[in-house]
Trainee: 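First, the structure itself, so that you have it in front of you.
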There are 2 protein chains.
Amino acid sequence: MARKQGSHAGITGPRVQDTALRLFAQHGFAAVSMRQIAAEVGVQAGALYNYTADKQSLLFDLLQGNMTDLMGGLDSADLKGPPLSRLEGFTRFHIRYHLPRRDLVFLSYMELRNLSESNYATIARLRRAYEDRLEAILLDGVASADFAIDDCRIATLALIAQLTGITNWYRPDGRLSEEQVAETYWGLVRRTVAARSHA
Amino acid sequence: MARKQGSHAGITGPRVQDTALRLFAQHGFAAVSMRQIAAEVGVQAGALYNYTADKQSLLFDLLQGNMTDLMGGLDSADLKGPPLSRLEGFTRFHIRYHLPRRDLVFLSYMELRNLSESNYATIARLRRAYEDRLEAILLDGVASADFAIDDCRIATLALIAQLTGITNWYRPDGRLSEEQVAETYWGLVRRTVAARSHA
DNA sequence: TTTTCAAATGAACGGGCGTTCATTTAAATG
DNA sequence: CATTTAAATGAACGCCCGTTCATTTGAAAA
């Protein structure tokens, strides 16, 4: 049986991606079978291969799409002005981007080891480019004496780890709204780098 | 053939744990087969069941052992004195404990989802107890006006994420020694919470 | 030397894996 | 209505999985 009702391309495709993302994040890449994905989508396993070359590509496409969206979003945030403003913009963008995508974030950190060498290199390059955006802000701030930082590379990694860690405990129906979280973390970030205290 | 040379109990057992840890961290729990572990240990798959009830217990024992060691180590660190000193002690202990155990840390964050419900609850309880140790220090510091923190629970999670994130990039043969890392991160932590800047 | 038994073997169990492909279906096209 | 073709089926491929267990081995105990 095929095409039970209406043309399915452009419907099944995205559903395969969404289902794979959810299941990979929930159980791990290796623990999820193509047959499980197919069952949740509502097709047979063979049909998945109309939408992906193989299982590994399914993972890679999710991670690459995530990093591309992340970089694109940061570009759109269009950070300008003095270093402190740009740092605030980065912090708020990072939180705004990551909180609604907790599955994807978890996947991006956990399943890098399941990528082939060249696929891994691609993702690592994109991640490094993202980190470098923050590091550039920190370096500018040190140059202008707005920030006091010993080691900007370390501070970059420390801040990103701190911000990304939010996805480990945040729940949309929890004690804090996304806005409150952003406010609180911006306070922490500012104090971590600022040369002078703020009242 | 059995006992090729000398009694093997007490030798094979730990080797099974070590090998399982390394392979789980490298490839993921679900991606590693009992036969792979056995091959690296140098026995047949069946022999593993002299040392573990099943594959899941192998994972749980590793994670539980880690959390027990972590809590025990923190107790041994025996933090005393004013909040700032205790925070410094906690920070340095956390780094000292985690840096030589990067595989175990990675495993502890990635593979919680592969635990049964009750095994998961056990690990989560231990983790919460560890977080509460830090939170208690922060609360004391706020009470004594040594620290200025809006939300001590959030600050706790933020600091632990920041410190644990070191294991994602630290390499023993890298640019920074463990001591330099501890020094740099203690600087970041102090600035994040301290009520007044330090020269 | 003989006995004991912890430790390991190796075959077997039922089942699931990723992937391929000839075939069938039915919506869209002319 | 007849044709085309995108989309899905379902069986098959060879292979690996976690776990069990009767059997074998050989170091240590008697």
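Note that the structure is a prediction, hence the values are computed from the model and not measured. Letters A, B, ... are given to chains in the order of the sequence lines, protein chains preceding strands, and every chain is numbered from 1.
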Trainee: Determine whether the side chains of A/Y120 and A/N114 contain a donor N or O and an acceptor N or O closer than 3.5 Å.
Mentor: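 Short answer, no.
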Trainee: Classify the side-chain pair B/D54/B/S57 by whether it contains a donor and acceptor separated by less than 3.5 Å.
Mentor: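 There is such a pair between these side chains.
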Trainee: Could you tell me if the ring centre of A/Y130 sits under 6.0 Å from that of A/H94?
Mentor: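 Ring centroids of A/Y130 and A/H94 are less than 6.0 Å from each other.
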Trainee: Whole angstroms only, please: what is the CG-C1' distance between B/L48 and C/dT9?
Mentor: 12 Å
Trainee: Determine all donor-acceptor pairs shorter than 3.5 Å in which one atom belongs to a side chain in residues 139-151 of chain B; sequence neighbours excluded.
Mentor:
from	atom 1	to	atom 2	distance (Å)
B/D140	OD2	B/R86	NH1	3.4
B/D140	OD2	B/R86	NH2	2.8
B/S144	OG	B/D140	O	3.2
B/S144	OG	B/G141	O	3.2
B/S144	OG	B/D146	OD2	2.6
B/D151	OD1	A/R175	NH2	3.4
B/D151	OD1	B/R153	N	3.2
B/D151	OD1	B/I154	N	3.1
B/D151	OD2	A/R175	NH1	2.9
B/D151	OD2	A/R175	NH2	3.1

Trainee: Could you run through nucleotides 12-19 of chain D and give me one letter per nucleotide, 5' to 3': B if any protein heavy atom sits under 4.0 Å from the base, S if only the sugar-phosphate is that close, - if neither?
Mentor: B----BBB
Trainee: With a distance cut-off below 6.0 Å to the six-membered ring centre and an angular limit of 45° from the axis, does A/K55 pair with A/F29 as a cation-pi contact?
Mentor: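 Yes, cation above the ring, under 6.0 Å and within 45°.
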Trainee: Find the distance B/N50:CG to D/dC21:P and express it as a whole number of Å.
Mentor: 13 Å
Trainee: What is the separation between atom CD on B/Q44 and atom P on C/dT9, rounded to the nearest whole Å?
Mentor: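 That distance rounds to 5 Å.
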